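Have a look at the structure below before the remarks.
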Amino acid sequence: MKKAISTTKAPGAIGPYSQAIDAGSFVFISGQIPVNPGTGNIPEGITAQTAQSISNIKAILAEAGLSVDNVVKTTVFLANMGDFAAMNEVYAANFTSPFPARSAVAVKDLPKQVLVEIEVIAVK
């Protein structure tokens, strides 16, 4: 059984997908790009964009009654692997030990020409 999770405190889905799916013991959050849900603006630079993506994730987690402490796996998509260190600093400031398992990959392009997209899996 699965249930969609949605909040206006994160950007809405712009296609045939859900912000997140509650699948019983796990919550799967779709990749979050750094769009400010209140203004629709995208901040400049990898540091601000990573912070906004994580803020969007936190809002969806909160809607599910969870927090970053429930996150067990993340996937980080970067438009430029040269941004890894700066992304990692923001990431490290938002997750605590034991840190989630993580993959970080460089991709050719991301929606809206953003620099980062992050998806997560959380456990209840």
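Keep in mind that what you see is a predicted model, and the values were worked out from it rather than measured. Any value given below was found using the heavy atoms of this structure, including those in side chains, with hydrogens, waters and symmetry copies removed.
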In the structure I gave you, are the side-chain heavy atoms of I118 and V116 within less than 4.5 Å of one another anywhere?
yes

Would you say I57 and F99 are hydrophobically clustered, going by side-chain heavy atoms of ILVMFWY under 4.5 Å?
yes

Just list the side-chain donor-acceptor pairs under 3.5 Å for residues 41-54, sequence neighbours left out, or say none.
unit_1 : atom_1 : unit_2 : atom_2 : d
N41    : ND2    : T39    : OG1    : 3.4
Q49    : OE1    : L115   : N      : 2.7
Q49    : NE2    : P43    : O      : 3.0
T50    : OG1    : I46    : O      : 2.8
Q52    : NE2    : N56    : OD1    : 2.9
S53    : OG     : Q32    : O      : 3.1
S53    : OG     : Q49    : O      : 3.2

Going by ring pair (Phe, Tyr, Trp, His ring centres under 6.0 Å), name the pairs with one or both residues in residues 4-44, residues two or more places apart or in two chains.
none

Which atom names give the shortest non-hydrogen contact between L61 and V71, and what distance separates them?
CD1-CG2, 3.8 Å

Return the set of residues passing side-chain contact (heavy atoms from CB on, under 4.5 Å) with Q19 (not counting sequence neighbours), or none when no residue passes.
S6, T7, A10, I60

Just jot down the side-chain contact (heavy atoms from CB on, under 4.5 Å) partners of E117, sequence neighbours excluded, or say none.
I33, F77, L110, P111

Under a single-linkage definition using a 4.5 Å side-chain heavy-atom cutoff for Ile, Leu, Val, Met, Phe, Trp and Tyr, are V120 and V123 assigned to the same hydrophobic cluster?
no

Check whether I14 and V114 end up in the same hydrophobic cluster, where Ile, Leu, Val, Met, Phe, Trp and Tyr are linked by side-chain heavy atoms less than 4.5 Å apart.
no

Between E119 and I29, the two heavy atoms sitting closest are CB-O, 3.5 Å

Side chain proximity check, I5 to V27, heavy atoms < 4.5 angstrom:
yes

Which donor-acceptor pairs under 3.5 Å do the side chains of residues 80-97 make with protein atoms, sequence neighbours left out?
unit_1 : atom_1 : unit_2 : atom_2 : d
N80    : OD1    : G82    : N      : 2.6
N88    : OD1    : R102   : NH1    : 2.8
N88    : OD1    : R102   : NH2    : 2.9
Y91    : OH     : T74    : OG1    : 2.9
N94    : OD1    : K58    : NZ     : 2.7
N94    : ND2    : V90    : O      : 2.8
T96    : OG1    : D69    : OD1    : 3.2

Quick test of your reading: applying salt bridge (charged side-chain N to carboxylate O under 4.0 Å, His left out), list the pairs with at least one residue in residues 9-23, sequence neighbours left out, ordered by first then second residue.
D22-K124

Sequence neighbours excluded, which residues qualify as side-chain contact (heavy atoms from CB on, under 4.5 Å) partners of A4?
S18, I21

